[in-house]
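The shown structure was predicted, so the numbers you read here are calculated from the model rather than taken from an experiment.
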Amino acid sequence: MPSTTPAATTRLAGPERRAAILVAATELALSEGLASLTLRRVGQRAGVASGLVAHYVDGMDALVAEVFTGISARERDEVESVVRDAGPGLDGVVALVRTLTDGSRDAVTLVWVQAWAGSPANAELARAVRDEMDAWQALLERPLADAGVEDPAPAARTLLGMIDGVNAHALAGWRDRADHAPLLLRSLEALLGLRAGALA
């Protein structure tokens, strides 16, 4: 994946150079995972010396957290549009489950898996992960509440955990990916006390 950042020889103002470095780091994380973010690799991707990367970021822990947040937030915006387009209530939840488990977002799943794994050693990343998980849970709670679920938070948290779990499993090729959405929807039916097949 070629970088879309300006060449090192291009003279940029400080904020523009920092933005270009962030773009390069994001591209690198999406192509090779969050664990690939080092001063040297980001510099190579951006076409600048690693020392220049160090000059424009507040340390690698902060850069990793910022890249993670940007990737998660962009995906959340995309999925929120899918939920909105699907219609009110549980139709939106079904659309969310299907789009998050269809295999088109494996690069983001790897970023999430590596963010969880890296959080114990990176307090800034851990804080970013918690904030994003709260935001994803809130996204799930809204259509559940619209569907009449009296206390949507536990259901949203449980479903979020199941989605994360099957997507992490898919990275290792465990089980047929096509089974994931039907399995989660059957589980959600049971969780909400719906008749079997109501969300099929």
Side-chain angles (χ1 to χ4, degrees), residues 22-23 26 29-30 33-34 62 64-119 122-171 175-200:
L22 182 60
V23 168
T26 300
L30 286 170
L34 206 61
V64 169
E66 185 176 2
V67 167
F68 163 78
T69 296
I71 289 171
S72 176
R74 275 191 293 278
E75 183 188 41
R76 185 160 33 80
D77 287 344
E78 293 170 8
V79 172
E80 190 161 16
S81 293
V82 170
V83 171
R84 190 167 51 247
D85 292 346
L90 293 179
D91 287 344
V93 178
V94 171
L96 178 146
V97 169
R98 293 193 186 285
T99 195
L100 286 179
T101 59
D102 68 5
S104 64
R105 302 174 185 275
D106 282 355
V108 179
T109 297
L110 178 59
V111 165
W112 268 100
V113 169
Q114 292 183 343
W116 290 318
S119 288
N122 181 342
E124 292 179 77
L125 178 59
R127 187 161 46 247
V129 168
R130 291 193 298 270
D131 288 346
E132 279 302 306
M133 292 187 77
D134 284 345
W136 275 96
Q137 179 172 326
L139 170 58
L140 267 168
E141 284 180 28
R142 289 192 287 273
L144 288 169
D146 290 344
V149 177
E150 289 186 9
D151 186 7
R157 183 178 175 187
T158 300
L159 182 57
L160 187 60
M162 290 191 293
I163 291 169
D164 290 338
V166 297
N167 282 340
H169 299 162
L171 292 181
R175 304 295 183 181
D176 186 345
R177 191 191 298 273
D179 292 338
H180 291 167
L183 173 66
L184 296 189
L185 294 175
R186 287 198 303 272
S187 300
L188 184 59
E189 288 165 358
L191 187 65
L192 299 179
L194 302 175
R195 62 173 179 78
L199 301 179

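Rounding to the nearest 0.5 angstrom, the gap separating the CG atom in Asn167 from the NE2 atom in His180 is 7.5 Å. If you take CG on Leu183 and CG on Leu188, they are separated by 11.5 Å, rounding to the nearest 0.5 Å. Taking CG of Leu96 as the reference point, atom CG of Leu90 lies at 12.0 Å (rounded to 0.5 Å). Rounding to the nearest 0.5 Å places CG of Leu140 at 10.5 Å from OG1 of Thr158. Asp131 contributes atom CG, which lies 9.0 Å from atom CZ of Phe68 (distance to the nearest 0.5 angstrom). Distance check, rounded to the nearest 0.5 Å: CG of Leu185 to OG1 of Thr101 gives 7.5 Å.
Using a 4.5 Å heavy-atom cutoff, the side chains of Thr99 and Glu78 are not in contact. Side chains of His169 and Arg175 form no contact here, defined as non-hydrogen atoms less than 4.5 Å apart. Between Val111 and Glu75, every side-chain heavy-atom pair lies at or beyond the 4.5 Å cut-off. Contact check for Trp116 versus Asp164: side-chain heavy atoms found under the 4.5 Å cut-off. Between Arg105 and Trp112, every side-chain heavy-atom pair lies at or beyond the 4.5 Å cut-off.
The minimum heavy-atom distance between Arg74 and Thr26, with the atom names listed, is NH2-CG2, 3.2 Å. When all heavy atoms of Glu141 and Pro152 are compared, the pair lying nearest together is O-CB, 3.8 Å. Closest heavy-atom contact between Ser119 and Ala126: OG-CA, 3.5 Å. When all heavy atoms of Glu132 and Ser72 are compared, the pair lying nearest together is OE1-OG, 2.7 Å. Pairing each heavy atom of Gln137 with each of Ala153, the nearest pair is NE2-O, 3.5 Å. Nearest heavy atom pair, residue Ala95 against residue Ala86, reads CB-CB, 3.5 Å.
A 6.0 Å sphere centred on CZ of Arg76 holds more than 12 heavy atoms belonging to other residues, nucleotides or ligands.
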side-chain contact (heavy atoms from CB on, under 4.5 Å) between Leu159 and Leu191, intermediate numbers included: CA-CA 9 Å; Leu159 182 57; Leu191 187 65; 5.6 Å; no

After noting the C-alpha distance and the side-chain angles of Val166 and Asp179, does the key distance pass the side-chain contact (heavy atoms from CB on, under 4.5 Å) rule? CA-CA 10 Å; Val166 297; Asp179 292 338; over 6 Å; no

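Distance alone, capped at 3.5 Å, is enough to place a donor-acceptor pair between the Glu189 side chain and the Leu199 backbone. Remark: side-chain polar atoms of Gln114 are paired, donor with acceptor, to backbone N or O of Leu34 under 3.5 angstrom.
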